[in-house]
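First up is the structure itself, then whatever we jot down about it.
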Amino acid sequence: MIISVASGKGGTGKTLVATSLALSLNDNYKIQILDCDVEEPNANILLHLDLNQRQQVYVPIPKVDETKCTYCGKCAEVCAYNALAVIKEKVLVFPELCHGCGACSYLCPESAITEEGREVGVVERGESGNLELIQGKINIGEAMAPPVIRKVKKYIDPANIAIIDVPPGTSCPVVEAVEGSDFCLLVTEPTPFGLNDLLLAVEVVRKLGISCGVIVNRAGIGGEEVEQYCRREGIPVLLKIPLDRNIAILYSEGIPLIEGIPRWREAFLRLFQDIKNMVTAK
Ligand code: SF4
Ligand code: SF4
């Protein structure tokens with residue numbers, strides 16, 4: 001089963017939820033945590049695994065053979081990302097804009113374009129007992145998160161329970177990370193900002209046809225609007241985590257919630273059972 005943990009905005013407690021769920025289950029199941037928050041992967045701050053395997057991620061970018069090129073301009077015309085420009089007798093390639101879609105090399109009438117790899121990030125992997133962590137890390141200054149996320153997700157083994165820590169927001173990297181999940185947990189706060197971002201996140205998962213449920217983190221700091229919205233929309237609120245100084249201290253010290261306050265293990269086991277019931281009832 002693939003469970004993604006997302007939120008419309010950063011800092012809502014996605015990683016707290018993803019790691020707590022994983023650590024609650026790993027006595028009985030093989031668990032994969034996929035940290036797809038590739039700009040700032042931080043699940044390992046709580047898991048402390050030795051990430052001893054690394055694999056670079058490359059995006060194929062065009063390389064033009066000027067001896068074959070007739071400067072017809074077709075490649076620049078088909079590039080949806082403006083990563084190519086043909087100026088008189090010169091083809092300019094802007095590697096940072098290239099998404100590696102391959103359209104230019106496929107459509108070049110002179111077969112003048114081959115591809116070469118440009119490194120955009122790295123995937124790191126480590127495991128301990130039943131728990132495996134795969135995290136993506138994008139190179140500093142790099143904008144191309146989806147290829148790194150795709151590479152992280154290639155490690156998913158359908159025999160295991162995969163828990164995806166999704167990047168914040170609602171843009172392409174989020175869609176890339178959530179797509180293919182059996183269920184999406186949306187972590188939010190009971191504040192107007194939390195509600196606003198939850199609405200956007202729900203829109204994304206609904207467009208992807210993925211069932212979702214809400215976890216209210218820092219419950220008690222705001223009003224009832226998030227829960228009222230969930231009731232109206234028929235979205236189950238599966239768990240509420242109160243605003244608690246002890247939880248914040250544990251997190252800041254890199255201690256997983258269910259290790260610092262073991263009674264939370266039960267709550268996350270119940271959460272998993274609820275998710276399982278909803279997935280199998282579909
Ligand atoms: S499509 Fe091919 S031949 Fe035409 S300008 Fe681009 S590289 Fe050159
Ligand atoms: S591979 Fe795709 S994105 Fe990159 S330059 Fe060619 S057409 Fe543009």
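All ligand and atom numbering here is 1-based and tracks the order in the structure. If you read the sequence from its start, that first residue is 1, and numbering goes on from there. Since the model is a prediction, treat every value here as computed from it, not as a measurement.
Listed by number with element, the atoms of ligand 1 under 4.0 angstrom from any heavy atom of G73 are 4 (Fe), 5 (S). Taking every non-hydrogen atom of E110 and a distance limit under 4.0 Å, the qualifying atoms of ligand 1 come out as 3 (S). Taking every non-hydrogen atom of Y71 and a distance limit under 4.0 Å, the qualifying atoms of ligand 1 come out as 5 (S), 8 (Fe). The distance from ligand 1 to the heavy atoms of I113 drops below 4.0 Å at these ligand atoms: 7 (S). Residue-ligand proximity, L84 to ligand 2, at heavy-atom distances under 4.0 Å covers atoms 5 (S).
Checking D165 against T15 by side-chain atom types alone, a donor-acceptor pair falls below 3.5 Å. At a cut-off of 3.5 Å, with distance as the only test, no side-chain donor of E96 or Y81 sits close to an acceptor on the other residue.
For E40, the CD atom sits in a loose shell: 12 or fewer heavy atoms of surrounding residues, nucleotides or ligands are nearer than 6.0 Å.
Applying the salt bridge (charged side-chain N to carboxylate O under 4.0 Å, His left out) test to pairs two or more places apart or on separate chains, those with a residue in residues 25-37 are K14-D37, D27-R265. Legend: side-chain hydrogen bond (donor to acceptor under 3.5 Å, both in side chains) pairs involving residues 115-124, not counting sequence neighbours, sorted by first then second residue: R54-E124, S105-E115, R118-E142, E124-Q135. Each side-chain hydrogen bond (donor to acceptor under 3.5 Å, both in side chains) pair with one or both residues in residues 244-253, not counting sequence neighbours, would appear here, but there are none.
At distances below 3.5 Å, not a single donor-acceptor pair connects side-chain atoms of Q32 with backbone N or O atoms of I163. Under the 3.5 Å distance criterion, the side-chain polar atoms of N217 are left unmatched by any main-chain donor or acceptor of T188. One N or O on the side chain of D65 and one on the backbone of T67 form a donor-acceptor pair closer than 3.5 Å. The main-chain N or O of L208 is never found under 3.5 Å from a side-chain atom of E179 such that the two would form a donor-acceptor pair.
The protein non-hydrogen atom at the shortest distance from atom 2 (Fe) of ligand 1 is C108 SG, 2.3 Å. Considering only non-hydrogen protein atoms, atom 8 (Fe) of ligand 1 sits nearest to C69 SG, 2.3 Å. Residue, atom and distance of the protein heavy atom nearest to atom 1 (S) of ligand 1 are C75 N, 3.3 Å. Among protein heavy atoms, atom 4 (Fe) of ligand 1 sits closest to C72 SG, 2.3 Å.
Assignment of P109 to the shell around ligand 1 is supported, since a heavy atom sits closer than 4.0 Å.
Of all protein N/O/S atoms, those lying under 2.8 Å from atom 2 (Fe) of ligand 2 come to 1.
The aromatic rings of F272 and Y29 lie perpendicular to each other, with more than 60° between the two planes, well past the 30° mark.
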